[in-house]
2 protein chains.
Amino acid sequence: MQNYPSIGKATIKAVKKLAVDRGYRLNSIAASLRKRETNNIGMLVPWINRPFISSLISGAEAAARAAGYNVLISQSHDSHDNEIDNVKAFFESRICGLIVSLAMETKDYEHFDRLIENGTPIVFVDRIPEHLDVHKVIIDNYAAAYKATQHLIEQGCRRIAHFGGALHQTIYKERRRGYEDALKKHDLPIDEEIIFHGDVLSADEGLKMTAHLLNLPSPLDGIFSANDTAAVNAIQYAKSVGVSIPADLAVIGFNNDPICLIIDPPLSSVGHPAVDMVRIAVQQVLRIKKSEDEVIAQTITLKTKVVIRTSTLRKG
Amino acid sequence: MQNYPSIGKATIKAVKKLAVDRGYRLNSIAASLRKRETNNIGMLVPWINRPFISSLISGAEAAARAAGYNVLISQSHDSHDNEIDNVKAFFESRICGLIVSLAMETKDYEHFDRLIENGTPIVFVDRIPEHLDVHKVIIDNYAAAYKATQHLIEQGCRRIAHFGGALHQTIYKERRRGYEDALKKHDLPIDEEIIFHGDVLSADEGLKMTAHLLNLPSPLDGIFSANDTAAVNAIQYAKSVGVSIPADLAVIGFNNDPICLIIDPPLSSVGHPAVDMVRIAVQQVLRIKKSEDEVIAQTITLKTKVVIRTSTLRKG
DNA sequence: TTGTAGGCGTTATCAG
DNA sequence: CTGATAACGCCTACAA
């Protein structure tokens with residue numbers, strides 16, 4: 001085979017094909033070095049092991065892989081310092097795009113500057129920096145909270161407490177605003193005494209807030225919680241002290257986590273389109289990356305739906 | 001400043017420091033190309049958005065990042081074909097190590113061969129290939145199932161059903177073996193009629209198996225389920241048809257997912273040391289990688305503890 | 001000790 | 001349009 005004089009194109013092709021069939025694999029590292037960009041999309045979230053966020057990650061992984069990209073995960077544990085470290089690590093590892101949901105603590109956003117200056121596409125999802133001119137994919141938290149609160153009012157609730165998160169986070173500010181506006185709209189008073197803003201809205205916080213509320217002189221008849229974890233623990237505590245759900249106290253949560261169907265009675269909640277949200281975020285990252293010139297920062301707002309279950313059904 | 005003749009070492013250091021302070025960053029891609037290996041550990045799991053697995057991922061991310069590595073995630077969705085594709089993608093992206101928990105469907109393991117030949121460290125966790133001589137981190141499924149079943153027997157159960165997963169997966173085979181041996185040990189009969197092996201042990205499967213069981217002529221008094229999802233749905237169905245838990249039917253699950261504390265009554269379960277498991281797996285990957293010569297494949301077995309809650313407490 | 005040349009495997013560029 | 005060549009930035013090895 002060695003001395004054949006003229007090697008035809010067909011042969012060359014066959015050789016190449018063979019090379020591929022044998023273990024040849026394109027070295028994407030060399031390609032990255034030469035092209036000065038990787039195939040890795042970073043994803044920075046507060047926690048990995050929470051139902052809403054693990055759905056975000058699951059969706060991101062699927063969307064990214066389908067487009068030929070990897071997803072690098074890191075978690076801030078809701079700490080601002082961790083977030084800074086993780087962003088730096090992503091910057092140094094030269095991710096080609098970043099999807100972020102902010103740590104509860106985060107109030108300033110300078111740690112993203114280098115990445116932004118560098119031209120790396122960043123898309124914020126869910127927990128976003130309100131006043132920064134960046135790409136965002138969010139839900140209409142105001143409308144969702146308004147609808148959830150209104151639903152409680154329609155079910156006959158007249159004194160509704162609210163469990164929120166850190167107020168500097170837009171999503172919690174907006175949820176509170178929606179809650180307050182729904183009360184106002186129905187001529188119900190806003191009472192600071194029954195509005196809480198937890199540090200992380202944990203199960204434990206939910207329990208403590210509920211214990212406090214149920215000890216107040218004027219009785220509650222509703223709770224709108226900004227997550228399901230706190231709402232579920234509110235139900236558990238209330239039941240444990242003989243408060244009947246929803247007859248005495250109607251409770252609605254947020255996110256529509258799987259636990260909504262486990263708790264008794266099943267928990268009404270605001271459905272969160274996590275998978276749609278992150279699929280769009282991945283698309284945005286890739287679109288921004290591909291486009292030659294600067295893409296104007298845009299905010300994409302997704303609709304939500306209140307999912308009504310027994311925990312709020314006091315009528316028909 | 002320009003014409004200073006002799007530039008001292010201090011100055012040079014200062015210059016270097018400045019370079020770092022300005023945007024200089026080590027290019028890990030160039031380093032990877034040169035060293036012929038990346039800093040990315042692949043992680044292949046059936047699903048991302050399940051409590052047990054999202055804890056695995058969370059632990060892996062933390063352990064890997066602490067050691068200076070990234071984690072690349074992909075999910076097989078319990079499909080063998082997806083698993084093959086994902087392993088191939090990892091191979092081509094030149095991960096420096098891989099942590100795998102097998103897809104429910106997977107019965108053969110040839111798709112890992114190229115990675116193994118290539119010398120890439122692979123550590124299997126939880127759902128492992130039984131007869132392959134590879135690195136594994138597992139729990140003692142046999143002992144866990146034995147203890148869980150024995151606990152039911154001690155609580156007075158005499159006719160205990162079992163919900164398992166695909167029998168070609170060692171973990172489910174071992175859990176069944178532990179269940180059967182505990183029955184035998186206490187001179188209880190093994191009845192194939194009340195032993196099920198679901199495709200994925202979903203909520204829906206749990207419900208259907210329970211409905212079937214409760215329609216059998218001879219009544220059950222216990223269920224040992226190989227996961228919590230099916231166990232929780234068993235409880236919900238049983239309650240819905242007036243079967244009292246645990247008085248009529250004691251139920252114990254597996255994994256100790258957060259839903260164990262949400263369901264009423266709280267679900268007894270086998271605690272799964274997911275975070276320890278994956279932390280060890282990351283350590284193993286790095287250890288194998290560093291060691292010059294071939295490391296003998298070893299299996300690390302972690303202990304489990306039965307977490308007893310109301311769903312099985314029929315005595316004292 | 002300190003300094004420098006070469007090559008990792010691509011891709012972009014430029015010459016033919 | 002095809003084909004050769006340099007450069008991406010780091011690490012290793014060898015020379016001074």
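Proteins come first, then strands; the chains are lettered A, B, ... in the order of their sequence lines, and each starts at number 1. For the numbers below, each heavy atom of this structure counts, side chains included, while hydrogens, waters and symmetry mates do not.
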Worksheet item: Does A/Asp140 have any salt bridge (charged side-chain N to carboxylate O under 4.0 Å, His left out) partners at least two apart in sequence or in another chain, and if so, which?
Response: none

Item to complete: Please collect all salt bridge (Lys or Arg N to Asp or Glu O under 4.0 Å) contacts where either partner lies in residues 70-95 of chain B, sequence neighbours excluded, each pair once.
Response: B/Asp78-B/Arg127

Worksheet item: Any ring pair (Phe, Tyr, Trp, His ring centres under 6.0 Å) pairs touching residues 104-132 of chain A, not counting sequence neighbours?
Response: A/His80-A/His111, A/Phe112-A/Phe124

Worksheet item: Under the side-chain contact (heavy atoms from CB on, under 4.5 Å) test, which residues partner A/Leu167, sequence neighbours left out?
Response: A/Lys173, A/Arg176, A/His197

Worksheet item: Listed by chain and number, what are the salt bridge (charged side-chain N to carboxylate O under 4.0 Å, His left out) partners of A/Glu37, not counting sequence neighbours?
Response: A/Lys289

Worksheet, complete the sentence: Rounded to whole Å, the CZ-C1' distance (B/Arg94 to C/dC8) equals 11 Å

Fill in: Gap between atoms CD and P, on B/Glu37 and D/dC10 respectively (whole Å)
17 Å

Fill in: Interatomic distance where CG belongs to A/Asn27 and C1' belongs to C/dC8 [whole Å]
8 Å

Which atom pairs, one a donor and one an acceptor, fall under 3.5 Å between side chains of residues 59-67 of chain B and the rest of the protein, sequence neighbours left out?
{"unit_1": "B/Glu61", "atom_1": "OE1", "unit_2": "A/Gln75", "atom_2": "NE2", "d": "3.2"}
{"unit_1": "B/Glu61", "atom_1": "OE2", "unit_2": "B/Arg65", "atom_2": "NE", "d": "2.7"}
{"unit_1": "B/Arg65", "atom_1": "NH2", "unit_2": "A/Ile73", "atom_2": "O", "d": "3.1"}

Discussion item. Between B/Arg36 and C/dG9, is there a contact of a side-chain N or O with OP1 or OP2 at under 4.0 Å?
Written reply: yes

Fill in: ring-ring contact (aromatic ring centres under 6.0 Å, His included) against B/Tyr172, all qualifying residues, sequence neighbours excluded
none

Do any N or O atoms of the protein come closer than 3.5 Å to N or O atoms of nucleotides 4-6 of chain C, and which pairs are they?
{"unit_1": "C/dG6", "atom_1": "N2", "unit_2": "B/Arg34", "atom_2": "NH1", "d": "2.9"}

Discussion item. Tell me every residue that passes side-chain contact (heavy atoms from CB on, under 4.5 Å) with B/Thr120, counting only those two or more places apart in sequence or in another chain.
Written reply: B/Leu115, B/Asn118

Item to complete: Just jot down the ring-ring contact (aromatic ring centres under 6.0 Å, His included) partners of B/Phe52, sequence neighbours excluded, or say none.
Response: B/His272

Worksheet item: Atom CD1 of A/Ile29 and atom C1' of D/dC8: how far apart are they, to the nearest Å?
Response: 14 Å

Item to complete: Could you check how far CD of B/Glu92 sits from C1' of C/dG9, rounded to whole Å?
Response: 15 Å

Discussion item. In whole Å, I'd like the distance from the NZ atom of A/Lys35 to the P atom of C/dC8.
Written reply: 20 Å

Worksheet item: Okay, side chain of A/Lys136, backbone of A/Ala297: is any donor-acceptor separation there less than 3.5 Å?
Response: no

Discussion item. Expected output is a numbered-order residue list: members of residues 64-72 of chain B with a heavy atom under 4.0 Å from any atom of DNA chain C. What is it?
Written reply: none

Discussion item. Quick check on the helix from C/dT1-D/dA16 to C/dG16-D/dC1: what's the angle between its two end axes, five base pairs per end, to the nearest 10°?
Written reply: 60°

